[in-house]
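Input: a single structure, listed below in C-alpha cells.
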Amino acid sequence: MLISSIKNEILTAVEAACQNQFGQKPETLKLGYPPQVELGDFTVECFPLAKQFRQNPAQIAQAIAAKIEPSKSIQSVAAVGPYLNVKIYNRALFGGVCDEIVQQGERLGNTDMGRGQRVMVEYLSPNTNKPLHLGHIRNGVLGMGVSNLLEATGHTVIKANLVNDRGVHICKSMLAWQKWGDDGTPETTDTKGDHFVGDWYVRYAQEEDKHPDLEQETQGMLLKWESGDPETLKLWEMMNGWVYDGFGETYQKLGLEFDAFYYESQTYNLGKDLIQDGLQKGAFVVAEDGAVIAKLPVDEFGTQRDGSQKVETLLRSDGTSVYITQDLGTAKMKFDEHQLDRSIYVVGSEQNYHFQCLFKLLDMLGFEWALGCYHLSYGMVNLPEGKMKSREGTVIDADDLIEEMFQLAADEIRGRDSEGELSDEEVQKRAFAIGMAAIKFYLLRVRPELTINFDPKESISFDGFTGPYCQYAYARCASILRRAQMQDFASVEADFSLLGNEEELQLIRALIQFPEVVEEAARDLSPARICNHLFTVAQTVNQFYHKHPVLAAENPPLIQARLALINASAAVIKKALALLGIETLEEM
RNA sequence: GCGCCCGUAGCUCAGUUGGAUAGAGCACCUGACUUCUAAUCAGGUGGUCGCAGGUUCGAAUCCUGCCGGGCGUGCCA
C-alpha cells in the first residue's frame with residue numbers, strides 16, 4: 001500500500017461523506033498532520049468547509065466523522081473541534097511506508113514536480129586572481145544544494161560557472177609576477193596554483209604604495225591583453241591555468257560540480273548588439289555625454305537622492321561595455337544555447353540591485369524569458385570581528401578552513417579510538433566526511449537570505465543541530481542493520497501491527513513527510529528546509545534508539561518490523577544528506 | 001533621501017505559506033553507559049514573536065505606519 005494511496009483513501013472517504021451529508025463535494029481539502037501523534041496520523045481541517053457548507057467547522061467535523069466507516073486503511077476518524085483526525089492501521093501505515101521506501105531506492109523522495117523543465121543554476125563564479133574564501137564555500141554548497149533539489153524534483157539542471165578571468169585584477173597579479181616572480185611556478189614553490197597567483201596579487205597591493213606608476217602599467221597591460229598581444233595572452237593563459245588547477249582541487253574537496261563553464265574573456269563583448277536593439281526600440285537612450293543609459297521605473301527602483309528618476313549605464317561614453325552589458329548578452333546566450341525555462345543566479349545579496357536592474361533591462365528589451373530569471377541572493381558571512389576584509393587579512397581561506405575541519409575531526413576520531421584500532425586511512429576517510437559535513441551543514445542550515453555570523457566554535461561543533469549529528473544517527477542505524485544480517489531473522493516475517501508507540505509514530509510521520517519537504521525546499525530554493533527536516537528525523541531516530549531495543553525486542557516479528565523501520569529511516573537520512581552534498585558513513 | 005533584506009528564549013535559528021498549547025540547538029543545572037556506538041538520551045530553567053494600528057471566526061505569518069540593524073543606490077564587478 002503506497003502512502004499516496006492511503007492519502008487518497010482518506011480524501012475519497014471525506015469527499016464521499018460530504019456528498020452524503022451535504023449533497024456536494026468539498027471544493028478544497030487539505031491533508032495535514034495533528035500536532036501530537038496520539039491524536040492520529042493525518043488530519044483534515046474543516047475551516048474551508050465551513051464557508052462552503054455554511055456551518056460551524058466543529059459541527060462539520062462531527063458530521064463527517066460520523067459518516068466515515070473504517071475501511072482498508074482507515075482505522076478510525078475522530079472529530080476534535082474543527083479537526084478531523086484520522087488514524088491509519090499501523091499495519092498499513094508502517095508496512096506501506098517502509099516497503100515504499102525500499103522500493104524507491106535511489107529515487108527516494110524524488111518527485112516529478114519539475115518534469116520537462118530546464119533550469120540553469122549559475123553559481124560560484126570566482127575571480128581568477130585570488131584563492132576561494134569562506135563566502136565562496138557558502139555560495140558553492142548553496143549552488144550544489146539547490147541543484148540537487150531541482151534534480152530530485154524532476155528538473156533538468158545545468159550547473160554553470162561564469163569565471164571572471166579577465167580585467168584589471170588578473171593583470172595586477174600578472175604584472176607583479178612578471179616584475180618580481182623570477183619565473184617561479186606553483187611547482188617550484190610548492191604552492192597551490194590559486195594561492196600562488198593570489199600571493200602575487202597581494203604583492204602588487206604592497207608595491208602599489210611605493211610605486212605610484214604601477215597602476216598605469218596595469219592599464220597598459222590590460223590594453224595589450226585586449227589588443228591580443230601574444231606575449232600577454234600567453235602569460236595570462238599560464239597564470240589562469242595555475243588558478244584553475246588550484247580551484248579544481250578545492251571543487252573536488254567540496255564536491256562542487258559543473259556542467260558548463262563560461263569565461264568572461266569570451267563573453268565580455270556580448271550584449272553590445274542587444275543595446276543597439278534597445279536603442280532602436282526606444283527602450284534605451286543616449287545621454288548627453290554619449291553613454292547609453294536606461295531609465296528605471298520609479299515604482300520599482302525608487303528615486304535618486306535628488307528625487308529624480310534612476311538611470312543605469314549600459315555602455316560607457318567611450319562606447320566600451322560595462323559589467324551589465326556582458327550580463328545581458330550572457331543571459332540571452334544561456335537561454336539560446338540550453339532552451340532554458342529558468343535561469344538562476346546564485347550570487348551574494350550585495351548584488352541585489354544589479355540583478356534587479358539586469359532582469360528589468362531584459363524585460364525592457366522584450367524578452368519574455370526574462371520572467372524565468374531569478375537571483376538567488378544569499379547573505380554575507382561575517383566574522384565575530386565584523387566583515388571579512390582582504391586588506392586587513394581577515395579573510396577565511398577556503399582551503400585553510402577545509403584543512404582545519406579535517407584536522408579537528410581527525411583529532412576527535414583518534415580521541416575516541418583509544419585502542420588504536422583504526423588505520424590511518426580509515427581515520428582520514430572519516431575525518432574528511434565529518435569535517436565537510438560540519439561546515440556544509442553549518443552554512444546550509446539557515447535560510448539563504450540571512451547573514452551568517454561565522455562563529456568558529458559553533459561551526460566546528462559536532463553536537464546538536466549539525467551535520468555530524470545526522471551522520472551519527474545514520475551510522476547507528478547502519479550498525480543495527482549490520483548486526484541483524486549476522487543473525488538469522490530472515491525466515492520471520494515482519495508484523496507491522498506491532499509497531500505504534502510514540503517514537504515509532506513520530507518516526508514514521510517524519511519519513512512520510514520527506515517528499516513533501518523536498519518539494520517545498522525545491523520550490524523555495526532552500527536547502528535549509530532539508531536540514532531542518534533531516535535533523536528532526538535524526539533526532540527521532542536517536543530517541544527511538546534509546547527507548548526501544550531493536551535486535552532485543554520481545555519477538556522476531558517485532559524485531560523484523562523495527563528493522564524495516566530503521567532501514568527506512570537510514571535511507572531517508574542518507575538521501576537527505578546527499579541532497580545537501582554530505583556523505584554518509586557506515587561507522588563513526 | 002530612495003530600493004531590497006533582516007528583527008521570535010541570554011546566543012544561533014525553525015515555525016508546514018492564515019489554523020490545535022509558539023518549537024529546536026547552544027549555554028546553564030540535574031540524571032542515564034556490564035544492555036543494538038554516550039558524536040547519544042531524559043528532566044529542569046528560559047517568550048510583551050521589534051513597536052502601534054488594521055483585515056479575519058482565528059495573525060509570529062497578510063496590510064499600513066513607525067523603530068532598530070544590514071546591503072545597495074548611472075559610466076566597479
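Letters go in sequence order (proteins before strands), and every chain restarts at 1.
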Mark yes or no for a side-chain to base donor-acceptor pair under 3.5 Å between Asp327(A) and rA77(B), with no hydrogen or angle criteria applied. no
In terms of side-chain geometry, is the basic nitrogen of Arg445(A) or Glu458(A) positioned less than 4.0 Å from the acidic oxygen of its partner? yes
Can you identify which nucleotide, out of rA77(B), rU21(B), rC13(B), has its nearest atom closest to the Val322(A) side chain? rA77(B)
Is Gln543(A) near enough to rA42(B) that one of its side-chain N or O atoms lies under 4.0 angstrom from OP1 or OP2? yes
With sugar-phosphate meaning primed atoms plus P, OP1 and OP2, does Ser479(A) contact a base, only sugar-phosphate, or nothing at under 4.0 Å between heavy atoms? base
Nearest whole Å is fine: how far is rC13(B) P from Leu450(A) CG? 6 Å
What is the nucleic acid contact for Asn85(A), judged by heavy atoms within less than 4.0 Å: base, sugar-phosphate only, or nothing? base
May I ask you to verify if any side-chain N or O of Arg482(A) is less than 4.0 angstrom from the OP1 or OP2 atom of rU37(B)? no
Pairwise 5' ranking along RNA chain B for Ser317(A) and Gln513(A), keeping only the more 5' one: Gln513(A)
Compute the ring centroids of Phe42(A) and Tyr33(A), then answer whether they are less than 6.0 Å apart. yes
Closest nucleotide among rG1(B), rU21(B), rU40(B) to the Arg305(A) side chain: rG1(B)
Answer yes or no: does a side-chain N or O of Tyr353(A) lie under 4.0 Å from OP1 or OP2 of rC2(B)? no
Looking at rA39(B), I'd like to know if its phosphate oxygens (OP1 or OP2) sit under 4.0 Å from a side-chain N or O belonging to Tyr472(A). yes
Classify the nucleic acid contact of Ala528(A) as base, sugar-phosphate or nothing, counting any heavy atom under 4.0 Å across all strands shown. nothing
Thr466(A) (side chain) and rA39(B) (base): donor-acceptor pair under 3.5 Å: no
Please determine whether a side-chain nitrogen or oxygen atom of Arg416(A) lies at a distance below 4.0 Å from atom OP1 or OP2 of rA39(B). yes
Describe the nucleic acid contact of Glu264(A) in one word from base, sugar-phosphate, nothing, applying a heavy-atom distance below 4.0 Å. sugar-phosphate
Heavy atoms under 4.0 Å, any strand shown: does His375(A) hit a base, just sugar-phosphate, or nothing? nothing
Students often get this wrong, so: under 4.0 angstrom with heavy atoms, is Phe535(A) touching a base, only sugar-phosphate, or nothing? sugar-phosphate
Whole-Å distance between rU17(B) C1' and Glu520(A) CD? 9 Å
What contact category does Thr43(A) fall into here, base, sugar-phosphate, or nothing, at under 4.0 angstrom with non-hydrogen atoms? base
Indicate whether OP1 or OP2 belonging to rU17(B) is found under 4.0 Å from a side-chain N or O atom of Lys30(A). yes
Would you indicate which nucleotide in rA39(B), rG7(B), rU40(B) comes nearest to any side-chain atom of Arg447(A)? rG7(B)
Give a yes/no on whether any side-chain N or O of Gln539(A) is located under 4.0 angstrom from OP1 or OP2 of rG25(B). yes
Would you say Arg316(A) places a side-chain N or O within less than 4.0 Å of OP1 or OP2 belonging to rC76(B)? yes
Counting any heavy atom closer than 4.0 Å, what does Lys51(A) reach on the DNA or RNA strands: base, sugar-phosphate only, or nothing? nothing
Base of rU37(B) relative to its sugar, syn (within 90° of 0) or anti? anti
At under 4.0 Å between heavy atoms, what does Glu45(A) touch on the DNA or RNA strands: base, sugar-phosphate, or nothing? base
Heavy-atom closest contact (Tyr469(A) atom, Ala538(A) atom, distance): CE2-CB, 3.7 Å
Let me know the distance between CG of Asp306(A) and P of rG74(B), rounded to the nearest Å. 11 Å
So, applying ring pair (Phe, Tyr, Trp, His ring centres under 6.0 Å) with Tyr345(A), which one of Tyr123(A), Tyr378(A), Phe359(A) is it? Phe359(A)
Donor-acceptor pair under 3.5 Å, Arg523(A) side chain vs rU17(B) base: yes
Starting from C1' on rA20(B), measure out to CD on Glu38(A) and report it in whole angstrom. 13 Å
Touch check for Ile434(A), heavy atoms < 4.0 angstrom, all strands: base, sugar-phosphate only, or nothing? base
Quick one, Lys172(A) and Asn129(A) - any side-chain contact, counting heavy atoms below 4.5 Å? no
Rounded to the nearest angstrom, tell me the gap between atom OH in Tyr469(A) and atom C1' in rG25(B). 10 Å
Would you mind classifying the nucleic acid contact of Ala475(A) as base, sugar-phosphate or nothing, using non-hydrogen atoms under 4.0 angstrom? base
Roughly how many Å is it from CZ in Phe42(A) to P in rA20(B), rounded to a whole number? 18 Å
Check Glu226(A) with Arg166(A), please: is the shortest side-chain N to carboxylate O separation under 4.0 Å? yes
What's the CD-P distance between Glu421(A) and rU37(B), to the nearest Å? 13 Å
Summary of side-chain hydrogen bond (donor to acceptor under 3.5 Å, both in side chains) pairs that have at least one residue in residues 429-444 of chain A, sequence neighbours excluded: Glu426(A)-Arg430(A)
Contact class for Ser349(A) (heavy atom, under 4.0 Å): base, sugar-phosphate, or nothing? sugar-phosphate
Taking NZ, NE, NH1 and NH2 as the nitrogens, is one of them in Asp41(A) or Arg509(A) under 4.0 Å from a carboxylate oxygen of the other? no
Most 5' of Ile293(A) and Gln304(A) on RNA chain B, judged by nearest nucleotide: Gln304(A)
Need one value for Phe462(A): base, sugar-phosphate or nothing, where a base atom within 4.0 Å counts as base even if backbone is also close, heavy atoms only. base
Using atom CD1 of Ile512(A) as one end and atom C1' of rU16(B) as the other, report the distance to the nearest whole Å. 15 Å
What is the nucleic acid contact for Glu587(A), judged by heavy atoms within less than 4.0 Å: base, sugar-phosphate only, or nothing? base
